Amino acid sequence: MSLFIYNTLTKKKELFIPLLLKRVGIYVCGPTVYGDSHLGHARSAIAFDTLFRYLMYLGYKVRYVRNVTDVGHLMNDSDLEKDKIVEKARLESIEPMEVVQYYLNRYHEIMNELNVLPPSIEPHASGHIIEQILLSKEILDKGYAYESNGSIYFDVEKYNKKYSYGKLSGQNISDLLKSIQKSNVQKEKRNIIDFALWKKASQNHIMRWKSPWGEGFPGWHLECTTMSKKYLGDIFDIHGGGMDLIFPHHECEIAQNLVLTGHEGAKYWMHNNMITINGKKMGKSFGNFISLEHLFNGSHPLLTKSYTPMTIRFFIVRSHYRSVIDFSNRDLESSEKELSRLLEASNNIKKLKVKTENSKMNIENLRNKAIEAMDDDLNTPVVISCLFDAAKLINLALIEQIKLTSENIQQLNDLFQLFLFNLLGIKDDFYKKNFLSPFGGAIDLLLQIRMQAKQRKDWITSDFIRYKLIELGFEIRDTKNGVEWELK
RNA sequence: GGCUCUUUGGCCGAGUGGUUAGGCGUCGGUCUGCAAAACCGAGCACGGCGGUUCAAAUCCGCCAAGAGCCUCCA
């Protein structure tokens, strides 16, 4: 048991050693719920779901906190503070919390379809206003923040003198100052790189809470610090999120944590890479995103067809979580075929018969290789290659090119159960749903009639049934062990 | 401009200083009444230029192309 994970803070793969013997605390930045979730959201959720699943497999009791940002996510950092959710609510003439609930429900539905396990705790930023005010005060008392016109700002320059701002992202304060100065003007702040812990609400701002500094709302970076501290403590094991959050979000969290407790907060900082489309990052604000619903029903001009949630999940785990995935129909179709090959092989395991008492097949090796891959910073593509190796063995055994022992068959079954279904989170309800239903029975019946026709060499009838079924989207295969069908 | 990173065969995608990744696609074959699937086989690589080394796709340098961040972002 030696899991190595890449730590953005040290830029190295490090041996994972939990703070407590058998427990792991993870905090992951979840979505800002003001729009439909897209492939990028799925990637982050699936990456950390894989981590969650693997840690549990390793025997840890995992507390996985994934927050919901439902307030304070500003559209920009200028004086015209516009909250994303407030803006959406204004546009649709509804309560901000209706916006939040609507998109959160949809997010949950989609996560469920993608077989993403629910986190242990899903805290909302809006439910932690009091704690955020307290932490703002504390930072203020420690002298690392200042009040300005009803808002509280973190004093980055002062902080930088004692600690080092930019540790996570590799930025340094003077370069930052140079690059920001051109684009942004902010009167209230002492320094352009200071960030808000608490923002004064302008007169028409809907989401507002009372604070010692007047009515306002919390700053984005402080939300995550507050909730991670509350549920995981001052120091916890893993903090995750998309790479686009490294700066400024996680950098600012680290700054807040260091001021409050003298520790960065998390020991390991993990970041999943982006999904691009035509080589550019997929993002809501770029308008180039394909929502997961679009992918599931195929209703987007860039999609040549629809893809099942499991195809999407497989598409994501077949690349390493730290590499960029460029969206393409071609690769999605390829993923679909790859997954169906694995699922078919997995279903073929139950058809295997014990043909020998002792075989040289070493399936334990495949298992070990796959575990090693998971240990190596969750190398899921290599895990999948092991499954393909296993699939080949199953197919060879099925046509009796190789002989397997009952132990071999059990090991193959365990391999698929553990890696494909349990760790990679693929569900195979398709087979159960189709093969065990009256619908499946009807197909079997048609194929029985076809078989009778074949026996009388009535090729016209038998081919008619086959072609019609193929036309309807089925795949028909005559194998040694009888006819097989599948809905493509 | 600054910071971080990427560049592998038609496509996707792992990887280690010296040994076949894997998959999709393509071509050929076996099986089949014909197909499909499966299986067997084939072909196709490490961005460019230098350096270190007995040996580099793997380490170092330079160059080129691209991405992310420096505004909100998974």
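Computed from a predicted structure; not experimentally measured. Chain letters run A, B, ... following the sequence lines, proteins first, then strands; residues in each count from 1.
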Student: Given atom NE2 of A:H320 and atom P of B:rU7, what is their separation to the nearest angstrom?
Tutor: 13 Å
Student: If we take the C1' atom in both B:rA37 and B:rC24, what is their distance in whole Å?
Tutor: 16 Å
Student: I'd like to check A:D478 versus A:E484 (side-chain heavy atoms, cut-off strictly below 4.5 Å). Are they in contact?
Tutor: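 In short, these two side chains do not touch, never coming nearer than 4.5 Å.
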Student: Over 60° means perpendicular and under 30° means parallel, so classify the ring planes of A:F195 and A:H221, tilted if in between.
Tutor: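 Plane angle over 60°, so perpendicular.
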Student: Picking from B:rC24, B:rG13, B:rA74, which would you name as closest to the side chain of A:S319?
Tutor: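 Of the candidates, B:rG13 comes closest.
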Student: Distance check needed: B:rA74 C1' versus A:I312 CD1, whole Å only.
Tutor: 16 Å
Student: Does B:rU4 have a Watson-Crick or wobble mate here (both distances under 3.5 Å), and if so which one?
Tutor: B:rA67
Student: Choosing from B:rG33, B:rA74, B:rG23, which nucleotide comes nearest the side chain of A:R43?
Tutor: B:rA74
Student: In whole angstroms, how far is the P atom of B:rC69 from the NE2 atom of A:H249?
Tutor: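 Taking atom P of B:rC69 as the reference, NE2 of A:H249 is at 15 Å.
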Student: When the C1' atoms of B:rA45 and B:rC12 are compared, how many Å lie between them, rounded to an integer?
Tutor: 14 Å
Student: Please tell me which of the listed nucleotides, B:rG23, B:rA37, B:rG2, lies nearest to the side chain of A:Q171?
Tutor: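 Side chain of A:Q171 sits closest to B:rG2.
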Student: In whole angstroms, how far is the P atom of B:rG15 from the CG atom of A:D376?
Tutor: 7 Å
Student: Please determine, for B:rC39, whether a Watson-Crick or G-U wobble partner exists with both distances under 3.5 Å, and give it or none.
Tutor: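 Pairing partner, where one exists within any strand: B:rG29.
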Student: When you compare B:rU58 with B:rA14, how far apart are their C1' atoms, in angstrom units rounded to a whole number?
Tutor: 13 Å
